[in-house]
Structure formats: structure tokens, C-alpha cells
Amino acid sequence: MSETEDFNLSGGGTEAISNGMTNGISNGTSEHREHKEHKHKHKDKDREKDRHRDKDRHKSSHKDKDRHSSSHKSSHKDKDRDKERSKDKEQSDKERHKDKDRERSDKDKHRDKERSDKDKHRDKDKERSDKDKHRDKDRDKHRDKDKERSDREKSRDKDRHRDEKKHSSSNGEKKERDKDRHSSSSHRSPHKDRDREKHKDKEKSPLEPEPIKEEDMCIKEEQLESEEEDKLVINEPVKEEPMEEEEDEGLPVSKEEPEEQLDDDEDDIPLSHRTHIKEEDDEEDDKPLAIRKKEKKKVKKEKKEKKSRGSKLMSSPGSQSESPTKKPKKEEEPGPLMAEAYVPLPSNVKFYYNGEHMHLSEEAEEVAGFYARMLEHDYTTKEVFNSNFMKDWRKVMTSKEREVITDISKCDFRRIHAYYVQQNEDRKNRSKEERKALKEKNEALIAEYGWCNIDSHKQRIGNFKIEPPGLFRGRGEHPKQGMLKKRIMPEDVIINCSKDSVIPKPPAGHKWKEVRADPSVTWLACWVENVQGQTKYVMLNAASKLKGEKDWQKYEMARKLHRRVDNIREQYRFDWKSKEMRIRQRAVALYFIDKLALRAGNEKDEDQADTVGCCSLRVEHISLHEEKDGKEYVVVFDFLGKDSIRYYNEESVERRVFKNLQLFKENKEDGNDLFDRLNTQILNKHLNELMDGLTAKVFRTYNASRTLQEQLDLLTNEEDPLPAKVLSYNRANRAVALLCNHQRAAPKTFDKSMANLQKKIDDKKEQIEETERDCKQLKKAAKSGGSQKEKMGYEKKKKALERLKEQLEKLVLSATDKEENKTIALGTSKLNYLDPRISVAWCKKYGVPVEKVYNKTQRQKFQWAIDMATAEYNFMGEPMNMSRNEYGDGEEEEDE
DNA sequence: AGCTCCACTTAGCAATTGACTG
DNA sequence: CAGTCAATTGCTAAGTGGAGCT
């Protein structure tokens with residue numbers, strides 16, 4: 001079956017759809033594009049400017065104005081910012097949650113028109129008290145979610161603290177790290193900087209570089225060592241500035257007053273130098289990046305399409321060496337599976353406008369259906385979402401419809417909604433047979449579309465289904481939420497397969513946009529999505545050889561970092577004292593990335609949610625406390641990271657870092673970049689000089705895996721029964737998730753199931769009490785004269801009691817586990833950050849079946865590690881002596 | 001020398017499945 | 001066996017970072 005249906009886009013609806021689409025969509029598309037272009041032109045530029053401007057404006061007039069205009073919009077950002085200011089956690093937490101939830105809708109509107117305003121708004125919003133207004137509003141709309149969220153956050157914070165405690169007491173991951181750093185720094189000699197700087201400019205970097213090819217991953221030790229030596233030498237400080245280390249270390253964190261800040265800095269840098277810093281700043285190179293950039297940025301977009309083909313297409317054929325060794329199929333393949341055609345609503349399911357029944361054209365109806373399905377979702381309470389939806393929906397309407405339908409509040413989608421709800425019900429209530437049939441059908445689909453041939457290996461494809469049309473659901477306060485994601489037709493899809501393979505046939509009556517044979521990339525098909533203009537790819541499954549190899553390389557890179565990390569830490573500590581602002585910023589940022597596992601923080605466009613990472617932190621995202629809760633030099637981080645997940649953390653940092661942060665914040669306002677002389681390219685360039693192939697994200701992988709290894713070593717008890725060992729594993733895993741800030745919404749049924757568990761615990765306790773009573777009695781009986789029988793009875797009871805206690809223990813343990821896991825997601829780190837060989841080795845070492853740690857898909861994904869790692873494997877140990885070929889060739893794969 | 005674009009990894013939530021319980 | 005709820009799978013958005021263009 002496979003061959004034939006290749007492109008079978010399910011015939012029926014296709015035509016109708018294609019027609020419909022032509023009308024509505026093409027329209028929409030072009031409009032859209034224009035729209036975008038405009039934005040783009042201004043985006044970057046404005047953004048930068050705005051930020052700066054903000055400063056100026058800040059204080060003055062705008063605030064009020066902005067406030068008004070943005071009052072509804074700002075939601076979360078504002079809140080967040082406000083919160084930051086107010087240290088009142090509890091309260092702020094609640095609010096924040098809301099924000100997170102994505103209620104921040106307001107902004108979006110603005111963005112569309114006045115980008116520049118946005119920034120202003122941001123700043124203003126923060127500063128003001130709009131919060132309140134917002135809050136109220138938000139509350140109404142999102143109460144439930146908000147609640148949930150806030151709970152979540154609270155608990156999160158709690159957890160975090162808890163965790164910290166744990167850490168310090170039980171394993172003290174963080175501490176250890178810090179320690180390490182300290183010690184290394186103490187040996188450090190001064191001058192490295194200088195050397196380093198020199199080198200930077202012309203030669204490579206002090207910390208040797210080295211080509212990072214795959215072979216590198218298998219570098220032998222000797223190699224490594226020698227490299228290290230080199231780097232050390234290079235780094236060796238030349239001994240110049242007297243003040244350096246000793247002094248620093250000497251005056252440790254004493255209790256200097258605020259003014260000391262200066263002194264402090266001075267001790268690092270002579271006054272003259274300091275001035276220097278400033279001056280330099282002002283001059284050329286020391287100008288904040290934003291300023292430099294500002295003036296340049298321009299439009300982008302537009303071109304897109306054209307180039308894709310020329311340059312790369314068919315790039316060097318033989319390029320086996322190229323990293324993505326790809327090579328699509330040889331036999332016939334069906335190509336990607338197109339989305340199912342739209343099935344029109346039954347005629348009795350009606351749409352009402354302004355109270356009156358209104359018949360919709362098929363396309364308008366389809367889009368109405370997208371919205372109707374979401375009627376109960378929070379999204380539909382957001383203004384941005386609704387207005388984006390209306391805009392796009394109207395684009396697909398007939399002119400007549402468009403004339404009538406102008407106000408979403410007059411739209412009544414409830415029948416349509418009810419219809420889809422019913423459909424869901426029906427689906428749930430399918431009979432066994434139906435389910436089975438459906439399942440088989442699905443498997444057949446996978447069998448047909450889910451595989452491809454690469455280098456004559458049959459490999460599973462990850463996402464062979466083209467994304468169906470729908471409404472764009474951005475995360476957080478996304479300005480484009482609610483926009484229509486249009487249906488992708490074969491004419492939009494580019495196929496990438498090897499030259500000698502049979503070209504997949506497009507669905508009947510259709511053509512592919514293009515068929516190419518580019519061996520330098522791994523995707524099999526791609527298309528451009530209309531909402532954000534991004535390319536979407538059909539790629540291989542995680543269990544495929546290709547992905548496995550890359551995964552392995554990733555961890556080898558992290559292990560390589562382990563061998564250099566001491567030096568790198570030394571280096572950045574040294575750089576904290578640099579005369580150059582940009583160096584200091586780079587060093588402090590790197591410290592955050594290393595210590596806190598922050599993401600790099602690329603710059604973002606204005607038409608995306610406002611989230612940040614390390615390099616893009618703004619002034620309002622951290623607050624500094626000389627002393628907080630008994631800790632010195634505390635930095636409080638509070639910002640929205642990837643996926644608009646809040647990152648909240650109070651960290652005690654080293655004095656020098658603290659002082660530097662104060663310096664970085666000087667003369668800046670909310671909305672300004674904290675690291676205004678740094679961005680991810682600069683940082684990564686520096687990292688690459690320190691170690692070939694090193695980038696910011698390697699630190700996350702490294703610290704995550706290292707934490708797992710350390711935690712496992714620490715927490716696992718040889719004699720523990722299996723469940724306890726598994727619990728230890730989960731705890732170690734959790735420590736990582738916490739480090740990486742991997743969150744999840746608390747399960748909806750969390751409270752309930754927690755209560756259930758608690759009840760079990762109570763019951764068990766009762767049972768134990770009872771048994772204890774019995775036990776005592778038996779004991780008496782057994783002692784006083786007791787017969788053999790009585791004695792035996794007593795013993796038996798005693799054992800039963802033990803067992804019960806064990807069970808209780810276990811229950812309590814799992815309750816703890818559960819509670820701790822409430823808002824923590826373990827899966828992300830397990831899947832993306834933890835060297836699977838650590839887990840596999842642990843399983844082997846302690847006799848734990850791998851299934852206890854990895855489910856079926858995970859085992860497939862990590863098959864390479866399961867095959868490769870022995871009980872002795874240690875992430876921080878010496879590299880294994882294996883070549884990638886060993887792995888690559890042998891086993892593998894799910895040949896069906 | 002910066003910027004854009006492209007490719008690919010990482011991410012949380014939704015939908016579905018499956019295990020467990022009464 | 002039905003009903004629950006946790007676990008797993010699916011989906012696709014949102015990051016990172018290199019390459020190539022201007």
C-alpha cells in the first residue's frame with residue numbers, strides 16, 4: 001500500500017479546499033506579508049532605540065500616557081516588573097503567575113502599530129502601579145488559571161528553597177561547585193587577562209582551541225592533556241598587577257559599606273582605570289551594543305523564498321564528510337502526510353451573528369470552527385487573541401460575510417463548540433473494536449509514511465505529518481496569538497531526497513513546491529509557516545541513528561568541557577576585574593550561565609513574546625541585596641524565560657560579581673540591557689576561543705549531567721531496595737530539573753490524588769497502631785509463660801508490623817516525591833540534558849532494570865547509550881575509547 | 001563585522017493510552 | 001467493567017548557534 005498512496009492527500013476534500021484556500025488564503029497571505037514587512041523594518045531599530053529612549057523618557061512625561069494606553073495590555077510584564085521591585089514575594093508571586101499565564105495581552109496590540117511605544121510601555125508599565133488595574137481584569141478573566149499558577153509558583157519557590165537546602169545538606173551540588181571555583185581561583189595567578197587579551201586579538205585563545213570534529217569527541221587523553229597544558233601556559237598570568245588575587249581573596253567579603261563599592265572596585269581597579277572604563281565606554285568600542293546596532297538594522301524578510309534554492313541546493317554531492325550525513329531515501333517514499341481535508345459541519349450546526357443564524361462559506365466556517373473549539377480556553381479571553389483572530393478570519397470570509405461580521409462579541413460559536421465537544425465525547429466512547437480499528441489505521445499510516453531510508457538504513461521519521469491549519473497559540477504574551485495558521489498544500493512543500501532516490505509523488509492533482517537533493521541537511525521536507533514566517537521541517541525520529549549520533553556528540557562535548565572547566569572558571573573570575581566593561585560583563589554573564597545554568601539569551605524580535613535569557617537580561621530582571629535572609633550579596637532573579645516560564649531565584653553570589661552588577665546597573669533604567677556590551681555572538685565567540693566547539697548551551701548540558709552524576713553517587717544506597725533506589729534516581733533527576741528550571745503546570749488532579757495518597761497513609765498508620773496493640777498483647781502472652789505457639793504468633797505479628805511500617809515508609813516517601821514533583825517536569829532534562837550513559841551505568845551498577853528509568857520511547861532514543869555504557873561509566877571520567885563508527889555501524893534500528 | 005536566515009535542539013501542554021481501583 | 005488518574009505520546013512553539021551575505 002505504501003507506494004501507491006504516497007501522496008494521497010485523501011482525495012475528496014482536497015479540491016474543495018484548494019479552491020477555498022486560494023481565495024481566502026492567498027489574500028491573507030499577501031496582506032500578511034506586507035504587514036510583516038513593515039514591522040520588521042522598524043522592529044529592531046526601534047527596539048533598540050526605544051530602549052534607550054526609554055531611559056530618557058522614563059522619568060518624564062510618558063508614563064502617564066502610556067499607562068493609559070497600555071493599561072490593559074501590559075499585564076504580565078508589568079506585573080512582573082512591579083513585582084521585582086517589590087520584594088514582597090508572596091504577593092508578587094501571585095501576580096506573576098497571572099502574567100505568566102499569558103494574560104499579557106495588551107502589548108500585542110501596540111506592537112502592531114507602534115513598536116516603539118512598546119518599549120516605552122514596558123518601562124512605564126513596570127514602574128507604575130498599573131498592576132492593580134490589570135490584576136483585576138486578569139483576575140476576572142483568568143481566575144482559575146491564575147490561581148493555579150500562583151500556587152504553582154509558590155510551591156515552586158518553596159521547592160527551590162527546599163532543594164537548596166537539600167543540596168547543601170545532602171549533596172551540596174551548588175556548594176561544591178562554588179568551592180571548586182574558589183579553590184581554583186585562589187591559585188590563579190594574575191595576568192591571565194593580559195595574555196588572554198593579547199591572544200584574543202590575534203592568535204587564538206589561551207585556552208586552546210581545537211577542531212571539533214567528530215573525531216575530536218573521541219580524543220585521547222594524551223591529546224587532551226597536552227592541550228590543557230598549552231592553555232595553561234598561555235593563560236598563566238604574567239604577574240603584573242599586584243592587586244589581583246591576593247588582595248581580593250584577602251579582603252573577602254568583609255563588611256564593607258555601600259561606598260565600599262567603589263573601594264571595592266578600586267581595589268580591583270585603580271581609580272584611574274575606572275575612569276577609564278567609563279571613558280572608554282563612551283568612546284567607540286565601549287559603546288553599548290545597542291547603540292551601535294541601533295543605527296543599522298533594517299528590513300529583512302521579503303527575500304526569503306528566492307534564495308533558498310540557489311545556494312545550497314545540491315551543494316557538494318559527495319560531501320560525506322559534512323556533518324549532517326544525510327541522504328534520503330532510495331526506494332519510493334510517500335512524502336509527508338498532508339493534513340486531512342476539512343469536513344464541513346452538518347447543516348444543523350449553526351453559527352449565529354448578532355442573534356441571527358448566518359450561513360458561512362466553507363472556509364469561513366472552518367476557521368470559525370478553530371475558534372469554537374477553543375471557546376473554553378483562556379486564550380479566547382484575551383484581547384490580542386481575539387483581535388488577531390478576527391483580523392485573519394475576516395480575511396478568509398467572502399466579501400459579504402466580511403461586511404456583516406465585524407464584531408467578535410456578536411459571534412455566537414456555541415453550537416459549533418457544542419458540536420465539537422460532542423465529537424470528542426463520541427471519540428472517547430468509542431467501542432473497543434472501533435478503537436482497535438483506529439489504532440490499526442494509525443499504525444498503517446506510520447508504516448506507510450513514518451519511515452525513510454538513509455544510507456540504506458531504514459529510519460523512523462519524527463514528524464511526518466504536515467501541521468494542520470488552526471489558530472496560532474503562542475506562549476506567554478505572544479503578539480501573534482490567535483492568528484490563522486493556514487493550511488499547507490503540496491505546493492508549499494519542498495522535498496529533500498537523494499538524487500538517486502525515487503521522488504515522492506505529490507498527492508493527485510498537486511505538485512511539490514520543489515524537489516531538491518541537499519545532502520548537507522537532515523530534513524526530508526520543509527515548508528514555511530505563515531504566522532511567523534518560519535520554516536518547519538520534517539525530520540528523523542529521536543531514535544534514529546542520525547539523531548543518536550548527534551546526541552552522543554553533544555554529551556562528549558559536555559565531557560570535554562569538564563576537562564577544561566576549571567581553567568575556564570579561573571579565567572572568568574579573573575575577568576571580573578578587567579578594565580574593560582565588555583570583558584567584565586562577559587565574565588559575569590558566563591558566571592551566571594555556569595552557576596545557574598541560564599540559557600544564552602539571544603535577542604528577540606518585537607513580534608515575539610518578551611522573554612529573556614542571560615545575555616538579554618534587563619535591569620529590571622535582577623535586584624541586588626547586600627544582605628538578604630542572612631545571606632550576603634544576594635541577587636534576585638525574576639524574569640520570564642523560554643516559553644514564558646518564570647525564573648525566580650535568589651542567589652548569593654561572590655562579592656565581586658555583586659559589585660560588578662551594581663556597576664552594570666548604574667545609570668540604567670528598567671528596560672535597559674543589563675549587559676549592554678554583550679550578546680550571545682560575542683559570548684559564544686569568546687567561548688569558542690576558550691575551547692573548540694564550546695558554546696553557552698554546553699554549560700547547561702554539562703552542569704545538568706554533572707549534577708545527575710554527583711547526585712546519584714551521593715544519594716544511592718547500595719543496600720536500598722529497588723523502590724528506594726528509584727526514588728533516589730528521581731531525586732537526582734529532580735535536582736537537575738530544578739537547576740534547569742523545568743516546570744510544568746501542576747496536574748489538574750494534583751490535590752485530589754494527593755489527598756488520596758494521604759488517606760492511604762492515614763489508613764496505614766491506623767493499621768500500624770492496631771497491629772502494635774496486638775503485638776504488645778502477644779508479647780505479654782508470649783513472655784509470661786507463653787507456649788511455643790504464642791511465641792510464634794508474636795514473632796509473626798512483629799514481622800507483620802515491620803512490613804506495615806515499611807509500607808508506610810514507602811507511602812510517605814512517594815507522597816514526598818509527589819509533592820516535590822508537583823510543578824517540576826523531569827522529562828525535559830532526562831530527554832535533553834542528561835547523558836544517558838550515566839543513567840544506564842547507574843542501572844547496571846545497582847542492578848536496576850533500565851525500564852525503571854526509561855520508558856519504551858526513551859529506551860529507543862537512548863539505545864546507543866544502553867549498548868555502550870558499562871557500570872563503570874562516569875560522566876566526569878575519562879572519555880571512552882570508542883569511535884563513532886563503532887556505534888554507528890553496529891546495531892541499530894528499528895527496521896520494522 | 002554585523003546581520004539575517006537556516007537548521008536543529010529544547011520545551012511545555014494537549015491528547016491519548018494504559019494501569020489501577022472499586 | 002467502568003471510571004480515574006498517571007504515564008506516555010503527539011504536537012508544535014521557542015530557543016540556540018552557525019553560515020553566508022552584504
Side-chain angles (χ1 to χ4, degrees), chain A residues 40 44 289 292-293 295-305 307-308 311-312 323-324 326 377 424 427-430 432 435 438-439 442 462-468 470 472-476 478 480-481 485 496 518 520-523 526 528-529 531-537 539-540 542 546-547 550-551 554 599-605 608-609 611-613 615-616 641-645 679-685 687-688 693-698 700-701 740-745 747-750 752-753 756-757 818 821 823 825-829 831-833 855-858:
Chain A
H40 280 288
D44 299 328
L289 295 176
R292 288 186 241 157
K293 274 187 233 158
E295 293 129 26
K296 319 202 165 173
K297 304 201 175 183
K298 284 266 154 105
V299 195
K300 38 177 160 189
K301 296 263 153 176
E302 23 192 306
K303 14 188 145 183
K304 282 221 160 196
E305 303 286 321
K307 70 165 47 179
S308 59
S311 52
K312 279 189 158 185
S323 44
K326 82 111 13 55
H377 199 287
N424 275 335
R427 215 175 313 144
K428 263 186 226 155
N429 297 330
R430 284 175 297 213
K432 243 187 260 161
R435 279 170 191 276
L438 230 53
K439 196 174 176 185
N442 200 36
N463 54 327
F464 56 89
K465 291 180 181 169
I466 301 265
E467 294 173 16
F472 176 77
R473 297 150 90 117
R475 297 178 187 170
H478 198 115
K480 296 190 166 186
Q481 60 186 133
K485 208 169 82 162
N496 185 37
D518 182 352
S520 68
V521 295
T522 67
W523 52 266
C526 77
V528 174
E529 154 269 343
V531 175
Q532 311 214 73
Q534 291 171 336
T535 310
K536 301 280 196 154
Y537 303 92
M539 290 193 185
L540 295 178
L546 189 83
K547 298 278 191 187
K550 283 199 157 192
D551 212 31
K554 174 177 75 184
R599 295 187 184 84
N602 280 316
E603 291 166 81
K604 297 185 73 185
D605 284 344
Q608 298 176 292
T611 62
V612 299
C615 294
S616 49
K642 182 176 180 179
D643 292 329
S644 292
I645 294 293
N679 61 33
T680 55
Q681 297 94 56
I682 293 171
L683 179 65
N684 281 328
K685 190 172 170 225
L687 291 176
N688 192 47
L694 185 60
T695 65
K697 92 196 255 279
V698 178
R700 239 166 110 81
T701 310
C740 295
N741 200 41
H742 290 142
Q743 297 191 42
R744 63 166 182 174
K748 291 186 187 75
T749 54
F750 184 85
K752 204 200 233 170
S753 62
N756 284 346
L757 197 54
K818 188 171 193 152
N821 244 9
T823 60
L826 301 186
T828 305
S829 50
L831 232 48
N832 300 301
Y833 289 101
N855 67 33
K856 195 172 137 212
T857 14
Q858 290 164 343

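Given the structure is predicted, the values throughout are model-derived calculations rather than measurements. First the proteins, then the strands, lettered A, B, ... as listed; each starts at 1.
- Every residue meeting the side-chain hydrogen bond (donor to acceptor under 3.5 Å, both in side chains) condition with Thr680(A), not counting sequence neighbours, appears here in chain and number order: Asn602(A).
- Remark: C1' of dC6(B) and CD of Glu529(A) are 14 Å apart, rounded to the nearest angstrom.
- Take the nearest nucleotide of DNA chain C for Gly613(A) and for Ile466(A): the residue whose nucleotide is more 5' is Ile466(A).
- Closest to the Phe472(A) side chain, of the nucleotides dT9(B), dT16(C), dA13(C), is dA13(C).
- Under the side chain to side chain contact (heavy atoms under 4.5 Å, CB included) criterion, Lys465(A) pairs with Leu337(A), Asn442(A), not counting sequence neighbours.
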Discussion item. Applying side chain to side chain donor-acceptor pair (under 3.5 Å) to Thr522(A) and Lys550(A), what does each step give before you reach the verdict?
Written reply: CA-CA 12 Å; Thr522(A) 67; Lys550(A) 283 199 157 192; 5.7 Å; no

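- Residue contacts shown for Lys697(A) are limited to sugar-phosphate atoms, with no base heavy atom under 4.0 Å away.
- Across dA13(C), dC8(B), dT10(B), the shortest atom-to-atom separation from the side chain of Lys485(A) is found for dA13(C).
- Between the base of dT12(C) and the side chain of Lys536(A) there is no donor-acceptor pair shorter than 3.5 Å.
- Under the rule for a side-chain hydrogen bond (donor to acceptor under 3.5 Å, both in side chains), Asn684(A) has no partner lying at least two apart in sequence or in another chain.
- Nearest-nucleotide mapping onto DNA chain C: of Thr680(A) and Arg473(A), the residue sitting toward the 5' end is Arg473(A).
- Thr535(A) has its side chain within reach of Val528(A): a pair of non-hydrogen atoms, C-beta onward, lies under 4.5 Å apart.
- With sequence neighbours left out, Arg435(A) forms a side-chain hydrogen bond (donor to acceptor under 3.5 Å, both in side chains) with no residue at all.
- Nearest to the side-chain atoms of Tyr537(A) among the listed nucleotides dC8(B), dC13(B), dG12(B) stands dC8(B).
- Whole-Å rounding puts the Leu687(A) CG to dG17(C) P distance at 9 Å.
- Side-chain nitrogen and oxygen atoms of Gln534(A) include none within less than 4.0 Å of the OP1 or OP2 phosphate oxygen of dC6(B).
- Residues passing the salt bridge (charged side-chain N to carboxylate O under 4.0 Å, His left out) test with Lys485(A) are Glu467(A), sequence neighbours excluded.
- One can place CD of Glu603(A) at 14 Å from P of dG15(C), the figure rounded to the nearest angstrom.
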Worksheet item: What string of B, S and - do you get for nucleotides 4-11 of chain C, 5' to 3', when a contact is any protein heavy atom under 4.0 Å?
Response: -SS-SS-S

